[in-house]
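Written below as structure tokens is the structure these notes are about.
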Amino acid sequence: MSSGVVQEKVASALLGALNGAKKKGQLKTETWPQVSLDAPKRPEWGDLASTVAMSLAASEQRAPHDIAQIIIDNLTQREQLFDRVEIVKPGFLNLTVKPAVWHEVLREIEMQGSAYGRAEMGQRHRVLVEYVSANPTGPLHVGHGRGAAVGQAVANMLKAIGYDVVSEYYINDAGRQMKLLGTSVYARYEELSNRPVEFPSEGYHGAYITALAERVKQQLGSELTGRAATEVEERCRTFAYQELLSLIREDLKSFGIEFESWFSEASLANSGAVQRVLDELKSKHFLFEQEGAWWFRSSAFGDEKDRVVQKQDGEYTYLASDIAYHQDKLRRGYDLLIDIWGADHHGYIPRMQAVVQAYGYPKDHLQVVLVQMVSLLRGGEKVEMSKRAGEFITMREVIDEVGADAAKFFFLMRDSDSHLDFDLELAKQRSSDNPVYYVQYAHARIASLWRVAVARGIVCPLPSETDLKVLTDPDELGLIRKLSAYPSVLQGSARAYEPHRMTYYLQQVAGLLHTFYNKHRILPPAADRDLLAVMPEGLVSGEGLQKEGLAPERTAARLALMSGVQQVLKNGLGVLGISAPEQM
RNA sequence: GCGCCCGUAGCUCAGUCGGAUAGAGCAUCAGCCUUCUAAGCUGAGGGUCGCUGGUUCGAUUCCAGCCGGGCGCACCA
């Protein structure tokens, strides 16, 4: 578990102490519990705190405090690693790590660069992440946008910790919805030629349907005149389908999302895969016939009841192609399948996991990440949407209005399984109230330092060529500690499929950066001499400058720190698919 | 009725494996630019962690019941 250079060092020192104590007969526990190390809430509790003594209390049958003392007594590296080691109340072990040890974080970041935070825990296991997968019956709406952002982030995070990830879009290009699309466009098409036909009762009402009909007329009109209605309808359907699918691709592309794989539902039926899979399940007795329909015995795998896969009229249900689709994924040999669904499909999870189990895999071979609804607000007022009437805000409109970066950040700010209020006005604001700008601005501010430094001819040595020992200020060390947590934040987010932990963390890093930037100087002031001459004795900021001295070594060390902050912001934003601008 | 999710500051929400005096942003109020980007910063107030029990050294976290909200319970997709 690589959770940062310092954490690793400290953890192994504690483990060493435990083993040392055991050798001496001071401790007797067979296997040590996880040596926990977290950042305590209060500064006086040190840099890192461990609860290991408390969790050993039961198996050692002694007071946590005594165990903690034993650990301390056996800490061979105490002098090298710690400034302070304390035992507090129930048995917390509070550790204050030497600045020089913290400084290694900056070396590590420099060395790893864009790879800082990455890990190999995925061991190149193959993962398929399926997301968006919207019916090509209309443009993508806001909800799809959130699904897209979450899917991309989950895929990227897993890549970053060593999985081989393929992202896939499942095109629902078969079945009733496609038929309805066809008849809807056909109805509008006939209307345009003053031959009104009955509009399908559950058809699609959006204005884009009429627009599609107009384009059918324009491009295919002469060819279609005099043709049979069924043929015209068929052409309307394929035309609309192709147009909408390419629209979806374009929208995703301008959202910065590209899929490695597009999988057609229709191809499953056409290739006979659906029937083949049903036959397989029949032979395994997971299918049975009742009242003229075929049922999947999903209740055998924890679903609350069995499900129809082939109706009385011989047609397959949606579930049938979904079974075939997931069987296809399994057949492709992935070690893990992740589906990202709208939360209204949650009732579907047990039956899909039943499918996975019917094929002999454990049910958690399929992980489903649910994405809850997005409520759009504008200046605090709810934007009303009605999908039925075809009035919904499209993903495209949101991207055009607030930009892809802001949209993604907002989509990822909350746990995907909880409702999201997305205020369009806020997302556009260029102020610290807007978390996207807040984070991006932190990055741009640092980028600006390099430009100014270059312009003034200030040398910017690499952290590895810089003496970092002047970095002892609590603000400096606080920033470094936060940077050291990045690998474990990334790994935690990835393993829980929870990108919102990343946005949260990035806001914290940006906050520390802005505070630091405001409080401390990094480069010497432009008009250093004039300033000091003009400034009256005792002026607060002047005093600060003189006190800190801003000797070249300090500037160099702080630049090294800034470089680390910038790298972490860039890496974190990158994983989320959000840009890290050099200038704003 | 059954199943899943949720209930933390006025609002929107974090809180990982059960840990110390409960965290952030917004809003409110009071301040901070002769400077490297004020697209920023500092400070203050604000809480029975829905309720009641249980598990234990310790519960916002785990368990049970209840209350309140959302979603799902098709031979639809």
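Here the nucleotide nearest the side chain of Tyr437(A), chosen from A39(B), G15(B), A38(B), is A39(B). Of the candidate nucleotides C26(B), A20(B), U12(B), C26(B) has the atom lying nearest to any side-chain atom of Asp433(A). For Asp417(A), counting side-chain heavy atoms from C-beta on, the closest listed nucleotide (C5(B), A24(B), A20(B)) is C5(B). Comparing A38(B), C13(B), C75(B) by their closest approach to the side chain of His419(A) singles out C13(B). The nucleotide whose nearest atom lies closest to any side-chain atom of Trp45(A) is, among C73(B), G19(B), U21(B), U21(B). The side chain of Ser418(A) has A14(B) as its nearest neighbour among G23(B), G19(B), A14(B). Picking from A77(B), U21(B), C26(B) the nucleotide with the shortest atom distance to the side chain of Glu44(A) gives U21(B). Among the nucleotides A14(B), C75(B), G19(B), the one closest to any side-chain atom of Asp415(A) is A14(B). Among the nucleotides G3(B), A39(B), A77(B), the one closest to the side chain of His346(A) is G3(B).
Between Trp295(A) and Phe288(A), the angle of the ring planes stays under 30°, which puts this pair in the parallel group of the 30/60° scheme.
No donor-acceptor pair closer than 3.5 Å links the side chain of Arg146(A) to the backbone N or O of Val374(A). Judged by distance alone, the side chain of Asn94(A) and the main-chain N or O of Ala49(A) form no donor-acceptor pair under 3.5 Å.
Stem analysis of RNA chain B (Watson-Crick or G-U pairs, both distances under 3.5 Å, runs of at least three) returns B:1-7 with B:67-73, B:10-13 with B:23-26, B:28-32 with B:40-44, B:50-54 with B:62-66.
Taking 4.0 Å as the cut-off between side-chain N and carboxylate O, Glu44(A) and Arg84(A) do not count as a salt-bridged pair. The pair Lys519(A)-Asp475(A) counts as a salt bridge, with a side-chain nitrogen and a carboxylate oxygen less than 4.0 angstrom apart. We find that Arg62(A) and Glu60(A) are not joined by a salt bridge, their nearest charged nitrogen and carboxylate oxygen being 4.0 Å or further apart.
Residue-level contact check: Ser36(A) touches neither bases nor backbone, having no heavy atom under 4.0 Å from any strand. The residue Gln440(A) sits apart from the nucleic acid: no heavy atom pair falls under 4.0 Å. Residue contacts shown for Ala63(A) are absent, as no nucleic acid heavy atom lies under 4.0 Å away. Among the heavy atoms of the strands, none lies under 4.0 Å from Asn172(A). Residue-level contact check: Trp294(A) touches neither bases nor backbone, having no heavy atom under 4.0 Å from any strand. Residue Met373(A) is out of contact with every strand shown, counting any heavy-atom pair closer than 4.0 Å. In this structure, Tyr438(A) reaches the sugar-phosphate backbone alone: every heavy-atom distance under 4.0 Å involves primed, P, OP1 or OP2 atoms, never a base. Note on His345(A): a base of the nucleic acid sits closer than 4.0 angstrom, heavy atoms only. If you check every strand for non-hydrogen atoms under 4.0 Å, Asp306(A) touches nothing.
Nearest-nucleotide positions on RNA chain B for Met584(A) and Ala293(A) put Met584(A) closer to the 5' end. Mapped onto RNA chain B by nearest heavy atom, Leu37(A) and Gln312(A) fall at different nucleotides, with Leu37(A) at the one closer to the 5' end.
Only the P atoms considered, G23(B) is 16 Å distant from U48(B), to the nearest whole Å. Rounded to whole Å, the P atom of G65(B) lies 27 Å from the corresponding atom of C13(B). On the P atoms, U60(B) is 14 Å away from G53(B), given to the nearest whole Å. Straight-line distance between the C1' atoms of A59(B) and A20(B): roughly 14 Å, to the nearest whole Å. A gap of 16 Å separates the C1' atoms of G7(B) and U52(B), to the nearest Å. Atom name P, nucleotides U42(B) and G3(B): the rounded distance is 49 Å, in whole Å. Using P as the reference atom, C41(B) and G68(B) are 43 Å apart when rounded to the nearest Å.
Atom P of nucleotide A38(B) and atom CG of Asn434(A) are separated by 18 Å, given to the nearest angstrom. Distance, Glu304(A) CD to C4(B) P: 9 Å, rounded to whole Å. Atom pair Phe288(A):CZ and C75(B):C1' shows a separation of 12 Å (rounding to whole Å applied). Remark: P of G19(B) and CZ of Arg42(A) are 17 Å apart, rounded to the nearest angstrom.
Side-chain contact check for Gln7(A) and Ser484(A): at least one donor-acceptor pair (N or O, by modelled atom type) lies under 3.5 Å.
Geometrically, Arg445(A) engages Tyr517(A) in a cation-pi contact defined by less than 6.0 Å to the ring centre and at most 45° from the axis.
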